[in-house]
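Heads up, the thing below is written out as structure tokens.
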Amino acid sequence: MQTYLHGRDLIGDLDFSKEEVETILDVAFDLKRKRALNEPHAYLRDKVLAMLFFFSSTRTRGSFEAGIAQLGGHGAFIESRTTQISHGDTPKEIGEIFGRYFDGIAIRHVDWGVGNGYLNGVAKASRVPVLNMQCDIYHPFQCLADLMTIIEKKGRDLRRKKMVVSWAYAASYQKPMSVPQSLVLQMPRFGMDVVLAHPPEFKLMPEIMEMAREQARKFGAGFDVTDDMEAAFKDADIIYAKSWGAMVHTPDAEEGARIIKKYEHWITDERKMALAKSDAIYMHPLPADRNIEVTDGVMDGPQSVVYDEAENRLHAQKAVMALTM
Ligand code: CP
């Protein structure tokens, strides 16, 4: 068990080894149990987390803010537009200065081609851990919560479980591709056979795909790609279907929006869910476009675990904060 994570950043999913992720999961389950029993667990008394947001959030803000408070610390919510960042504060200034005020710096910056570089720029200048609350490339805390939820529903031995990570139609906006990228990197390390399904224009970043293939090879798991949503769903144990944008295919947002419209039939509905195993679970990080991306029947149905998944954000994040800060 690798326990020395103090001072470490979590920006990309592979920043922590599989053994270190297992430590995080152990601590997360323990913290979940302690909260259920109302047992005090103020491991971060007097510590303060900066929570810098360049993009909106429901779950990430709520769970980080509640989590640091439950650990005995405080979360400072900072909306980037209320800072001097647009007037010249660079990532170096934020890392140097916030690193002296705070005990951890959590950042959400999902702008395509910008977010991940920003987080790494802050981390380079910071003396305290930088935690990725979602960037354009990764959403590691969502992925840890997802893994925790899968273990709760399917058990610790996930070898040969078929997990489908599928694109889904959504009209609201071109969503980041960070969730599917984190999933294809992390889940093969836990033995799941991952099938990535998307229309041809919704490829993930080539370097992420190569890293995912390497993880699958290293951990003896399957990793396949298809453009057939229904074929992918067949006999699956876990269905994780969400929308993302066509940013790898085209940098033009209007063209991306036009392309999305071709694939309205990529909705998760009861008929498609019936192709999966009868005890398959349906997952989504939320927010979802209801009855566009997924039907109410699936989202609110017996196979859906979306609220347990959202809850586990809290426990997984508390584990990482307690271990790193
Ligand atoms: N899943 C997720 O990150 O939710 P928010 O965008 O509401 O934080």
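Values reported hereafter were calculated over all heavy atoms of this structure, with side chains retained and with hydrogens, waters and symmetry mates removed. One-based numbering, in listed order, for ligands and for the atoms of each.
- Between H41 and Y43, the ring planes lie tilted relative to each other; the angle falls in the 30° to 60° range.
- With values rounded to the nearest 0.5 angstrom, Q142 atom CD is found 7.0 Å from T60 atom OG1.
- Judged purely by atom type and a 3.5 angstrom limit, D9 has no side-chain atom pairing as donor or acceptor with the backbone of I11.
- Taking the six-membered ring where the residue is Trp, the centroids of F64 and F141 are separated by under 6.0 Å.
- Atom CH2 of residue W167 and atom CH2 of residue W244 lie 8.5 Å apart, to the nearest 0.5 angstrom.
- Residue-level contacts of ligand 1 at the 4.0 Å heavy-atom threshold are S57, T58, R59, T60, R108, H139, Q142, P285, L286, R313.
- Aromatic ring centres of F54 and Y118: separated by under 6.0 Å.
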